[in-house]
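As structure tokens, the structure follows; a few thoughts come after it.
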Amino acid sequence: MPTPAPPAPAPLLALEGVGMRYALGGREASVLDGVDLALADGEFVCVVGPSGCGKSTLLRIAHGLVAPTSGRVVFEGRPATGVNLACAMVFQSFALLPWLTVLENVTLGLEARRVAPAERRRRADRYIDMVGLEGYEEAYPRELSGGMKQRVGLARALAVEPRLLLMDEPFSALDALTSITLRKELLDIWASADVPVSTVLMVTHSIEEAVELSDRVVVIAGRPGRVAEVLPVPLPRPRDRKTPEFTATVDRIFSLIV
Amino acid sequence: MPAAGTRRARRSTGRLLGAALLLAALALVAVRLRPSASGAAAGLADLPGLALRSLGRMAAAYLLSLPFALAYGAGAAKSRRAGRVLLPVLDVLQSIPVLGFFPVAVAFFAGLLPGAAGMELASVFLIFTGMAWNMAFGVYEGLSTIPADLAEATASFGVAGRLRAARLLFPAAVPKLVYNSIVSWAGGWYFLIACEIISVGGQRRALPGLGSYLQATSDAGDLPANLAGLAVLVGLVVAIDLALWRPLSVWAERFRYGQGGSAAPESSRLLDWWLAARGPRALRRAAASALGLLLAPAGAAWDRLAALRPRARRALARIAAALGLAGAAALALAAVRGIVRLAASPWPARAAEIPLALLASTGRLLAAYALALAWTVPVAVWAGSRPRAARVVRPLAEIGASVPAIALFPLMVAVLIRHIGVSSAAVLLVLTGMQWYLLFNGLAGVSAIPEDLREAARSLGLPWRMRLRKLVLPAAAPSLVTGSITGWGGGWNALIVSEQLSYAGVTYSAYGIGALLDDATYRDGGDPLLLALCLAAMVAAIALLNRLVWRRLQAWAAETFRIV
């Protein structure tokens with residue numbers, strides 16, 4: 001008689017049968033349909049799919065920025081409604097407030113959570129240093145390059161020390177060299193023991209990026225988008241894009257999408 | 001049941017269009033055929049005819065404003081040098097209240113044609129002065145903010161001349177032009193009364209129309225008749241909004257470059273019907289060919305100009321500039337002669353009142369501004385963040401902006417003057433000329449906040465106060481300043497109809513520059529010198545305030561709260 005498997009730990013985040021429909025000029029358009037997805041504590045998961053498959057909407061549903069029209073979101077075992085402040089998001093367009101300095105942008109979420117000013121400053125300094133922007137605290141976003149802006153976006157999200165970090169195509173508005181550097185730094189920060197942020201859900205359209213970064217790749221395909229496949233990536237980190245295993249994984253995902 | 005809903009919608013759209021066409025046809029007939037009945041003698045039965053006459057004047061003024069705005073705005077945007085001359089001129093023109101154009105209207109346009117036709121021309125010109133400047137600014141703004149990459153792309157593909165005008169310049173001007181047209185049109189209704197009662201040498205000539213009807217019924221203290229006129233006005237405003245402005249603003253959205261929301265309505269059944277594949281093809285073709293016929297001479301001229309050699313074109317430009325200068329010189333000479341003649345007449349005793357009257361009016365404007373901010377900013381913030389609410393608030397604001405202050409006199413007199421005094425009632429009337437610009441602009445500013453910034457604020461969990469302080473108010477600040485500038489402009493203009501109210505034969509007067517202007521224009525045959533002095537003082541005050549306060553504030557807000 002086989003021994004019963006140990007009970008699986010409750011997932012940090014679970015999407016259960018999530019669907020999304022819009023009314024578009026009289027017609028109904030369905031973006032997502034019956035998406036199930038569970039995220040364990042400490043995992044790095046990437047969602048890939050062709051453009052328009054609803055992957056960004058999925059991320060916004062996970063955060064509670066958008067309410068799904070069917071299904072539900074469960075966070076730490078409890079159904080979640082409204083914006084989930086245990087999450088923080090990094091935006092594709094950076095979404096920095098142009099009239100606030102780097103420091104003010106980074107402390108914004110802390111101010112909203114009523115963190116005391118001294119602690120606010122301490123934490124902002126720490127994460128601004130971590131993303132390599134020390135000396136730029138008083139700069140305005142328009143004075144920064146794209147890569148530096150996204151570093152501010154990352155520091156702003158890390159500063160609230162979220163249980164779950166959500167990233168919406170964070171590197172796709174950056175040039176190739178900058179995004180290579182930032183990807184590496186993101187992995188370092190994620191792996192580092194003294195950063196309390198350990199779980200990441202990232203949306204990307206780059207299959208290589210997903211394979212390089214994540215523990216599992218969730219492939220969304222079709223219209224409306226459904227989970228076509230969930231692929232574990234058991235390769236050791238740091239991953240070399242030139243190994244046959246890496247290429248094989250990329251090819252496999254590519255064949256699922258096209 | 002959606003099917004029944006669309007069918008009903010289609011039917012009501014058809015009816016609406018039929019009504020609009022009928023209205024236009026009747027307007028033509030009414031303007032041509034009706035013998036001019038004096039506004040005072042008009043009864044309820046005359047109301048539709050009077051309304052159509054007013055509509056005809058408004059339409060004529062708008063159709064004149066449109067080519068003017070396109071030409072002037074394009075000229076100002078063409079080169080920095082042209083802009084340096086044309087824009088300040090437009091600024092001054094915009095700050096002159098409609099009464100200031102009376103002498104020109106009467107001396108020139110009423111003199112051009114004898115009798116009623118001349119008066120009609122003068123009235124149309126006066127309405128034009130309330131519409132054209134703002135529309136020209138709109139064209140200029142649209143053209144001067146064409147993104148560099150678009151300009152480069154069209155140049156790189158060799159798009160020039162007529163094609164460039166049709167594919168780049170006109171589309172770039174459309175959104176702002178349509179938006180400003182709506183504001184100008186509302187302003188036309190607002191000042192309709194002043195434009196239909198023209199004073200010639202101290203004699204008042206009332207042209208038959210809705211504006212003079214409202215004035216006459218108010219003078220007579222005939223409240224039911226007055227309210228009937230007001231109802232007709234509001235009905236007309238709503239009908240034109242549905243038949244014209246709503247389809248146009250939906251259409252104009254196509255030409256908006258880049259993302260960012262807008263307060264424009266989302267859809268117009270009339271536009272859908274017009275553009276549908278199975279829509280009125282014959283009608284559409286007729287409209288297109290009519291437009292083509294109208295535009296053909298301009299297009300041919302444009303082509304001929306574009307085909308000229310650079311040297312010839314430069315020579316032509318120099319000739320045009322010389323002609324313009326000569327015209328300006330002639331105007332200046334006429335002005336100087338007028339001033340000399342005026343200065344020769346005895347100094348008006350009441351000229352000494354001007355500084356104090358100006359101060360009193362400024363105080364009233366400040367009070368009205370505070371009141372306007374107090375209600376429009378919260379409403380703009382609330383509705384601007386909710387597209388559905390914005391689509392309700394905007395048409396309501398358009399109606400509100402179209403209701404002339406004078407139409408509210410009876411209510412003012414009946415209720416307010418007795419309780420709060422003439423001076424405070426005047427503040428409320430000024431408010432009617434000021435608040436809508438703030439609401440329009442505030443709404444547009446809040447609606448245009450990029451979605452990613454809104455999401456970031458929600459994602460970070462900013463409570464509403466912080467969201468207001470860190471996101472919404474900074475993002476809307478440039479629009480609020482623009483709204484303040486136009487609102488103050490509207491307020492200065494509204495002074496002339498707000499500080500002197502007459503109802504049932506009694507004149508209520510609040511001490512101020514507006515009342516003084518009113519006296520100088522109408523009282524005892526009018527006093528041209530006093531009128532000129534008041535106008536000069538007012539224009540100077542407006543220009544000074546613009547230079548010292550508003551332009552600086554605008555530059556600061558645009559720089560500090562720019563969304564990159």
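Note on naming: letters A, B, ... go to the chains in the order of the sequence lines (proteins, then strands), and numbering restarts at 1 for each one. Note that the structure is predicted; figures quoted are calculated from it, not measured. For the numbers below, each heavy atom of this structure counts, side chains included, while hydrogens, waters and symmetry mates do not.
For Val115(A), the side chain to side chain contact (heavy atoms under 4.5 Å, CB included) criterion is met by Leu110(A), Arg113(A), Glu119(A), Arg120(A), not counting sequence neighbours.
To the nearest 0.5 angstrom, Leu480(B) atom CG is 10.5 Å from Phe561(B) atom CZ.
No part of Glu104(A) comes within reach of chain B, as not one of its non-hydrogen atoms sits under 4.5 angstrom from that chain. Contacts between Ala475(B) and chain A at a heavy-atom distance below 4.5 Å involve backbone atoms as well as side-chain atoms. Of the atoms belonging to Leu108(A), heavy atoms from both backbone and side chain fall under 4.5 Å from chain B.
The 12-atom threshold is not exceeded at CZ of Arg223(A), counting heavy atoms of other residues, nucleotides or ligands nearer than 6.0 Å.
Between Tyr179(B) and Ser249(B), the side chains place no donor N or O within less than 3.5 Å of an acceptor N or O (distance only, hydrogens not considered). The closest side-chain donor-acceptor pair between Thr482(B) and Asn441(B), if any, does not fall under 3.5 angstrom. With hydrogens and angles left out, the side-chain atoms of Ser30(A) and Asp33(A) include no donor and acceptor closer than 3.5 Å.
Residue pairs meeting the side chain to side chain donor-acceptor pair (under 3.5 Å) criterion with at least one member in residues 42-59 of chain A, sequence neighbours excluded, are Glu43(A)-Arg216(A), Ser56(A)-Asp168(A).
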Residue pair Thr204(A), Glu169(A): steps toward the side-chain hydrogen bond (donor to acceptor under 3.5 Å, both in side chains) verdict: CA-CA 5 Å; Thr204(A) 174; Glu169(A) 307 214 13; 5.7 Å; no

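Contact tally against chain A (heavy-atom pairs below 4.5 Å) for Ser459(B), Pro474(B), Pro463(B): the top residue is Ser459(B).
For a heavy-atom cut-off of 4.5 Å, chain B lies close to Val83(A), Leu85(A), Cys87(A), Ala88(A), Met89(A) in residues 76-90 of chain A. Close approach to chain A, defined as a heavy atom under 4.5 Å from one of its heavy atoms, is seen in no residue of residues 379-389 of chain B.
Each of Ile189(A), Asp125(A), Leu154(A) was scored for a side-chain contact (heavy atoms from CB on, under 4.5 Å) with Met130(A), with one residue passing: Ile189(A).
Side-chain atoms of Val102(A) and Pro141(A), non-hydrogen and from C-beta on, never get closer than 4.5 Å to each other.
The existence of a salt bridge linking Arg163(A) and Asp41(A) is confirmed by a sub-4.0 Å separation between a basic side-chain nitrogen and an acidic carboxylate oxygen.
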